*Asks:* 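Following this message is one structure expressed as structure tokens.
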Amino acid sequence: MYSDSIKKGIERAPHRSLLRALGLTDEEISRPFIAVVSAYSQVVPGHMHLDKVAQAVMDGVRMAGGTPVLMPAIGVCDGIAMGHEGMRYSLASRELIADSVETMVTAHGCDGVALVTNCDKIVPGMLMAAARLDRPAILISGGPMLPGRRQGADTSLTGVFEAVGACAAGRMDSRELTAIEDSSCPGCGSCAGMFTANSMNCLSEALGMALPGNGTIPAVMAARLRLAKESGMKLMELVRRDIRPSAILTREAFLNALSLDMALGCSTNSALHLPAIANEVGIALNLALVNEVSARTPNLCRLSPAGSFHVADLDEAGGVSAVLAQLLGAGLLHGGTMTVMGCTLAESVADASILDERVIRPIGNPYSPTGGIAALWGNIAPNGCVVKQSAVAPSMLVHRGPARVFDSEDESIAAILGGKIRSGDVVVIRYEGPAGGPGMREMLSPTSALAGMGLDQSVALLTDGRFSGATRGAAIGHISPEAFLGGPIAAVREGDMISIDIPARSIALEVDEDTIARRLAELPAPVPRVTKGWLYRYARQVSPADRGAVLQDLTRGGREE
């Protein structure tokens with residue numbers, strides 16, 4: 001066992017002395033040490049109950065013969081960080097989480113790792129660490145928030161952001177905005193729709209790193225605590241059988257996750273996080289593969305923001321397992337992949353079925369024959385970009401309009417709320433990429449403002465930044481190369497015509513190549529927005545978005561000066 005390095009032999013007497021200082025008995029010291037890494041905090045709604053979830057995991061570990069040791073992890077609430085400097089730290093925090101989990105688990109000789117998480121970057125950060133450590137591991141989320149209720153209809157955080165735009169446009173008064181604000185987020189859990197956190201928690205089931213129900217059982221349900229206990233017990237089985245992430249996180253498992261991604265209509269952020277996790281086990285995922293899987297995978301769910309249902313509805317309809325069973329029956333999954341259940345994916349969903357066809361459509365009656373996410377290419381995005389096509393109005397799947405150019409998210413929000421954007425425009429927000437932002441801020445504020453003002457079905461938005469999973473509309477992000485690194489998006493000028501054809505997977509700046517090259521050559525060298533601290537180091541090391549925005553080895557092509 002790894003823990004032998006801190007507790008076996010006469011030379012480890014000092015270590016054992018410190019373990020006794022923790023109150024551990026000889027019996028506890030003799031058992032496998034299990035790290036229970038919890039992202040609990042009192043500032044993230046999705047995490048404010050993780051103390052109880054972590055305790056349930058620890059109870060499960062103890063019941064199964066292990067000694068749990070609680071360790072902390074940081075977590076940024078993307079909703080609270082949205083629209084200001086704090087959002088620059090969100091994506092970057094993924095790397096800090098992975099590094100800190102690696103540090104704590106290795107330094108303290110743990111034999112297995114229970115990852116207690118919930119929100120956006122914490123899920124992939126912890127999975128990256130699990131892949132890197134390659135010790136028996138299991139992921140347990142805190143579960144989704146229930147939707148709020150307002151005037152007889154479900155609502156969620158998306159509605160609050162969009163209400164800001166409606167209020168700014170004079171379509172709603174401040175009293176109604178306050179009423180929506182008060183009712184949309186009723187309690188603990190990751191935000192209620194198929195946003196990034198819930199997307200990644202659902203995809204962890206397809207990857208095989210979490211038990212069935214992980215992505216959908218609501219945070220407030222007793223079933224969530226029972227699942228946490230079962231996860232702790234199952235982890236002990238993984239330790240005894242020495243089943244590690246390297247046996248689970250295979251190329252076929254990532255293809256399964258991509259297939260589920262397309263069927264559910266997950267957040268475009270999955271196009272950053274799945275490649276980053278795969279990178280830790282030496283597997284390359286790219287945007288071409290995203291389109292390949294999307295082309296053969298039907299979209300079976302339209303959850304908020306693409307539709308009116310929420311993740312709690314998905315749970316009642318049969319959960320992720322029911323969707324996986326549909327895909328498996330159609331030959332769209334690799335059923336032989338190993339899971340933390342200790343059995344194959346096919347075996348883990350053998351008894352699953354759809355319980356509500358309004359929420360999960362059968363494979364023969366999909367919302368669309370292709371998946372929820374699409375990658376586009378063109379002269380403005382030579383290395384690709386992504387869009388959540390399932391959340392795009394049919395009228396905007398093909399669009400042509402004049403560019404309205406902004407060199408930051410803040411400038412664009414001021415213009416949108418100031419009534420300066422017109423129907424037909426293509427809003428271009430640049431210098432918000434991984435390196436240029438730095439941190440690749442999410443653009444939920446501008447997209448929601450457009451939706452609230454009634455412009456989401458007539459205005460497109462392009463950025464080298466990214467979008468929240470709560471975004472809807474013709475919102476095309478991850479444009480690569482980014483402007484800061486000299487990508488063609490830096491050459492766009494006010495009034496240039498831009499054409500978008502999502503079904504054809506194309507996006508184009510209607511300017512000839514010589515003009516684009518000349519404009520780029522005339523640009524002054526960009527000035528970094530941040531010149532000290534963690535974000536400064538991050539900006540110099542981060543890879544482009546089409547490669548997952550992972551930190552690069554500076555000895556192998558990083559941008560250290």
Side-chain angles (χ1 to χ4, degrees), residues 78 87-88 90-92 94 120-121 124 195-196 199-200 258 261-262 265-279 284-291 293-294 371-392 408-409 412 426-444 446-447 460-490 492 498 500 502 505-509 538-539 542-550 552:
D78 278 18
M87 180 49 69
R88 301 195 191 283
S90 174
L91 182 59
R94 186 186 70 183
D120 299 70
K121 309 309 157 300
F195 310 154
T196 305
S199 293
M200 294 309 301
L258 282 173
D261 192 340
M262 300 306 159
C266 289
S267 165
T268 52
N269 281 315
S270 63
L272 290 172
H273 299 323
L274 287 176
I277 300 165
N279 179 67
L285 302 182
N286 56 41
L287 293 182
L289 185 61
V290 169
N291 272 357
V293 174
S294 182
I373 295 178
L376 316 180
W377 282 268
N379 64 349
I380 195 174
N383 294 344
C385 53
V386 295
V387 62
K388 187 172 183 174
Q389 62 179 347
S390 60
V392 178
S408 72
E409 177 191 12
S412 73
V426 177
V427 175
V428 177
I429 305 175
R430 60 193 181 188
Y431 294 101
E432 291 286 7
M440 204 178 182
R441 290 197 288 183
E442 288 185 343
M443 305 291 159
L444 180 57
T447 57
L461 193 152
L462 316 181
T463 182
D464 53 9
R466 59 195 177 92
F467 295 107
S468 164
T471 290
R472 63 186 175 96
I476 300 169
H478 306 197
I479 287 180
S480 187
E482 61 178 286
F484 187 81
L485 300 182
I489 189 174
V492 182
I498 294 176
I500 300 163
I502 294 174
R505 305 296 190 253
S506 70
I507 182 170
L509 172 64
Y538 176 86
V542 68
S543 76
D546 62 287
R547 286 161 43 199
V550 298
Q552 302 174 109

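Predicted, not measured: the structure shown is a model, and the values here were computed from it.
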*Asks:* Is the shortest side-chain heavy-atom distance between S412 and E432 below 4.5 Å?
*Replies:*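 Result no, sub-4.5 Å side-chain heavy-atom pair not found.
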
*Asks:* Heavy atoms only: give me the nearest A276-G548 pair and the separation to one decimal.
*Replies:*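 For A276 and G548, the tightest heavy-atom pair comes out as CB-O, 4.2 Å.
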
*Asks:* Strictly distance-based, threshold 3.5 Å: is any side-chain N or O of D464 a donor or acceptor partner for the main-chain N or O of I479?
*Replies:*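 Here the side-chain-to-backbone pair does not exist.
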
*Asks:* My understanding is that only residues two or more places apart in sequence, or in another chain, count here; which of them pass side chain to side chain contact (heavy atoms under 4.5 Å, CB included) with A474?
*Replies:*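 In terms of side chain to side chain contact (heavy atoms under 4.5 Å, CB included), with neighbours along the sequence ignored, A474 is linked to V392, M396, A460.
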
*Asks:* Could you tell me whether a side-chain N or O of E482 sits under 3.5 Å from a main-chain N or O of R430, the two making a donor and an acceptor?
*Replies:*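 No; judged by distance alone, with no hydrogens or angles, the pair does not exist.
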
*Asks:* In the structure I gave you, are the side-chain heavy atoms of P488 and L509 within less than 4.5 Å of one another anywhere?
*Replies:*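 A side-chain contact is absent here, since even the closest heavy-atom pair is not under 4.5 Å.
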
*Asks:* Can you tell me how far OG of S506 sits from CG of N379, rounded to the nearest 0.5 angstrom?
*Replies:*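 N379 CG to S506 OG: 10.0 Å, rounded to 0.5 Å.
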
*Asks:* Drop me the distance from L287's CG to C385's SG, to the nearest 0.5 angstrom.
*Replies:*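 Answer rounded to 0.5 Å: 8.5 Å.
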
*Asks:* Identify which one of E442, M200, M440 satisfies the side chain to side chain contact (heavy atoms under 4.5 Å, CB included) criterion when paired with N269.
*Replies:*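 Exactly one candidate clears the test, E442.
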
*Asks:* Rounded to the nearest 0.5 Å, how far apart are CZ of R547 and CD of Q552?
*Replies:*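 Answer rounded to 0.5 Å: 5.0 Å.
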
*Asks:* So, do L272 and H478 sit near enough that their side-chain heavy atoms are less than 4.5 Å apart?
*Replies:*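 In short, these two side chains touch, coming nearer than 4.5 Å.
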
*Asks:* Are any of the side-chain heavy atoms of M262 and I373 separated by less than 4.5 Å?
*Replies:*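 Yes. Closest side-chain heavy atoms under 4.5 Å.
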
*Asks:* What are the two closest heavy atoms between D120 and P124, and how far apart are they?
*Replies:*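 Nearest heavy atoms, D120 then P124: O-CD, 2.9 Å.
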
*Asks:* Using a strict threshold of under 4.0 Å (side-chain N to carboxylate O), is an ion pair present between K121 and D78?
*Replies:*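 A salt bridge links D78 with K121.
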
*Asks:* Could you go through R505 and S294, starting from their C-alpha distance and side-chain angles, then the distance that decides it, and tell me whether this counts as side-chain contact (heavy atoms from CB on, under 4.5 Å)?
*Replies:* CA-CA 11 Å; R505 305 296 190 253; S294 182; 4.1 Å; yes

*Asks:* Is the closest side-chain donor-acceptor distance between S199 and S267 under 3.5 Å?
*Replies:*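 No, because no side-chain N or O of S199 sits under 3.5 Å from a partner of the opposite role on S267.
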
*Asks:* Closest heavy-atom contact between I489 and P481?
*Replies:*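 Looking at all heavy atoms of both residues, the closest pair is CG2-O, 4.1 Å.
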
*Asks:* Is it the case that the side chain of S480 and the backbone of G384 share a donor-acceptor pair, with hydrogens and angles ignored and the cut-off at 3.5 Å?
*Replies:*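 Checked: no pair found.
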
*Asks:* Would you please test N291 and W377 for side-chain contact (heavy atoms from CB on, under 4.5 Å) and show each step?
*Replies:* CA-CA 11 Å; N291 272 357; W377 282 268; 3.2 Å; yes

*Asks:* Between T447 (side chain only) and M443 (backbone N and O only), is there a donor and an acceptor less than 3.5 Å apart?
*Replies:*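 Yes.
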
*Asks:* Which heavy atom of A475 sits nearest a heavy atom of T471, and at what distance?
*Replies:*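 Answer, listing the atom of A475 first, then T471: CB-CG2, 3.6 Å.
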
*Asks:* I need the L274 CG to L285 CG distance, nearest 0.5 Å.
*Replies:*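 These two atoms lie 6.5 Å from each other.
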
*Asks:* At their closest point, which heavy atom of P275 faces which heavy atom of A271, and how far apart are they?
*Replies:*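 What the structure gives for the nearest pair is CG-O, 3.2 Å.
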
*Asks:* Step by step, would you call I507 with I476 a side-chain contact (heavy atoms from CB on, under 4.5 Å)?
*Replies:* CA-CA 10 Å; I507 182 170; I476 300 169; 4.3 Å; yes

*Asks:* Can you tell which of I500, V492, V387 makes a side chain to side chain contact (heavy atoms under 4.5 Å, CB included) with L462?
*Replies:*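 By the side chain to side chain contact (heavy atoms under 4.5 Å, CB included) criterion, L462 pairs with just one of I500, V492, V387: I500.
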
*Asks:* Contact between R94 and V550 at the side-chain level, heavy atoms closer than 4.5 Å - yes or no?
*Replies:*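 Yes. Closest side-chain heavy atoms under 4.5 Å.
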
*Asks:* State, yes or no, whether a side-chain contact exists between I498 and V428 at a heavy-atom distance under 4.5 Å.
*Replies:*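 Yes, side chains in contact.
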
*Asks:* Quick one: does K388's side chain have a donor or acceptor within less than 3.5 Å of a partner on R472's backbone?
*Replies:*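 Not at all, since once roles are kept as given, no pair shorter than 3.5 Å links the two residues.
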
*Asks:* Which atom names give the shortest non-hydrogen contact between S468 and T196, and what distance separates them?
*Replies:*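 Looking at all heavy atoms of both residues, the shortest contact is C-OG1, 4.5 Å.
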
